[in-house]
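This report concerns only the one structure given below.
Side chains are part of it too, since the values below use all heavy atoms of this structure and drop only hydrogens, waters and symmetry mates.
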Amino acid sequence: MSDPHDADAIRASLAEIASLLAPAHPAVAEEVLRAHDSPHDYVSAFGGRLADRGIDEPVGNLAWIALIDALDAHGLLAEFDWKEDAQEIRDQLRKLESRPSVDPWVLFEVEEMLLPTEKFLHACGRRYREIGAALAVLDIESDCYPVVGLRAARADELTALAARAGFPVQHLGTGRRRR
């Protein structure tokens, strides 16, 4: 039997991650906590959304998936295929509510736009860091990249919270990945 304190710590970490990444959207935390607290109810309520991911019953990372889907629904996450075009990545990152106020795209060189998806995302992460922002992948161990933007000063906080909740985060442009 799992320790109830672990479940409380995971729940608290998930709530803090949602608040960190979606401070103006309390509905994100509500969805994440519903997935954590009542996975069957969450699957019933969001079955259509989950069907797109091939999920029709509670899974171990349901709360993490709920976080990703809720952030996406609020314009705070962009999910990229493993072979996404650089221009599409650029377009989607520019639409994020969490985009930096300073445009990092002026720092990009033409050659960077020709990089394959993963390398281009790391180039994006480096450019974002140059202006005090960060990009992170909320890893779902799939062939996609769910990417969030945040202030660079809060990136380590995201990593620590995700580790406490038991989920991996990869900081783009730094090579750091922790679980």
Side-chain angles (χ1 to χ4, degrees), residues 6 9-33 35-36 61 63-82 84 86 88-109 112-113 115-179:
D6 290 342
I10 291 169
R11 186 181 198 282
S13 295
L14 289 166
E16 288 182 60
I17 292 167
S19 294
L20 171 66
L21 297 176
H25 302 282
V28 171
E30 291 169 13
E31 284 185 37
V32 171
L33 295 178
H36 179 268
N61 65 345
W64 196 241
I65 297 292
L67 173 68
I68 289 165
D69 286 346
L71 290 170
D72 183 45
H74 290 281
L76 295 163
L77 178 138
E79 195 164 349
F80 304 109
D81 185 70
W82 67 274
E84 198 77 59
E88 180 64 22
I89 292 171
R90 179 180 179 173
D91 291 346
Q92 285 193 47
L93 289 177
R94 278 187 154 165
K95 291 177 187 174
L96 290 180
E97 184 180 306
S98 57
R99 71 190 172 282
S101 57
V102 176
D103 188 0
W105 300 105
V106 298
L107 303 173
F108 276 76
E109 297 181 21
E112 288 175 309
M113 294 298 289
L115 293 171
T117 303
E118 184 173 10
K119 289 183 180 185
F120 182 70
L121 286 170
H122 281 285
C124 292
R126 285 189 298 277
R127 298 301 184 200
Y128 271 59
R129 286 234 176 234
E130 290 174 15
I131 61 166
L135 292 174
V137 175
L138 304 182
D139 195 348
I140 56 173
E141 299 177 0
S142 178
D143 63 352
C144 66
Y145 301 92
V147 176
V148 294
L150 67 158
R151 290 190 349 238
R154 310 259 343 243
D156 287 338
E157 180 181 354
L158 172 61
T159 302
L161 290 168
R164 270 188 268 164
F167 299 106
V169 169
Q170 178 183 13
H171 294 279
L172 294 169
T174 66
R176 293 184 305 170
R177 180 179 180 184
R178 299 207 176 102
R179 180 170 189 141

Open item on the list: side-chain contact (heavy atoms from CB on, under 4.5 Å) for Leu150 and Leu158? Distances and angles first, verdict last.
Closed with: CA-CA 9 Å; Leu150 67 158; Leu158 172 61; 4.2 Å; yes
Open item on the list: With rounding to the nearest 0.5 angstrom, report the CD1 to CH2 distance, Ile10 to Trp64.
Closed with: 12.0 Å
Open item on the list: Contact between Glu118 and Tyr145 at the side-chain level, heavy atoms closer than 4.5 Å - yes or no?
Closed with: yes
TODO: Taking the side chain as every heavy atom from C-beta outward, state whether Phe120 and Pro116 have any pair of such atoms under 4.5 Å apart.
DONE: no
TODO: State, yes or no, whether a side-chain contact exists between Gln170 and His122 at a heavy-atom distance under 4.5 Å.
DONE: yes
Task: Residue pair Met113 / Ala86: nearest heavy atoms and the distance that separates them - done: O-CB, 3.2 Å
- [ ] Determine, for Lys119 against Glu112, whether the closest basic-nitrogen to carboxylate-oxygen distance falls under 4.0 angstrom.
- [x] no
TODO: Look up atom CG in Asp139 and atom SG in Cys144, then write down how far apart they are to the nearest 0.5 Å.
DONE: 8.5 Å
- [ ] Please examine the side chains of Leu172 and Val147, heavy atoms only from C-beta on, and report whether any two atoms are closer than 4.5 Å.
- [x] yes
TODO: Would you mind reporting whether His25 and Leu76 have side-chain heavy atoms less than 4.5 Å apart?
DONE: yes
Open item on the list: Consider side-chain contact (heavy atoms from CB on, under 4.5 Å). Of Ile65, Ile17, Leu71, which one does Leu138 pass it with?
Closed with: Leu71
Task: Side chain to side chain, Ile89 and Leu121, heavy atoms closer than 4.5 Å - done: yes
Open item on the list: Looking at every heavy atom in both Leu93 and Cys124, which two are closest together, and how far apart are they?
Closed with: CD1-SG, 4.1 Å
Open item on the list: Nearest 0.5 Å, please: how far is CG in Leu161 from CG in Asp156?
Closed with: 11.0 Å
TODO: Please report the closest heavy-atom contact between Ala152 and Ala133, naming both atoms and the distance.
DONE: CB-O, 3.6 Å
- [ ] State the CG-OG distance between Leu135 and Ser98, to the nearest 0.5 angstrom.
- [x] 8.0 Å
Open item on the list: Return the CG to CG distance between Leu67 and Leu77, rounded to the nearest 0.5 Å.
Closed with: 8.0 Å
- [ ] Taking the side chain as every heavy atom from C-beta outward, state whether Phe80 and Gln92 have any atom pair closer than 4.5 Å.
- [x] yes
- [ ] Take Val28 and His74 through the side-chain contact (heavy atoms from CB on, under 4.5 Å) test and state the conclusion after the steps.
- [x] CA-CA 8 Å; Val28 171; His74 290 281; 3.4 Å; yes
Open item on the list: Using 0.5 Å steps for rounding, measure from the CZ atom of Arg154 to the CZ atom of Arg151.
Closed with: 5.5 Å
Open item on the list: For Arg94, I'd like to know if atom CZ has over 12 heavy atoms of other residues, nucleotides or ligands within 6.0 Å.
Closed with: yes
Open item on the list: Between Asp81 and Thr117, is there a side-chain heavy-atom distance shorter than 4.5 Å?
Closed with: no
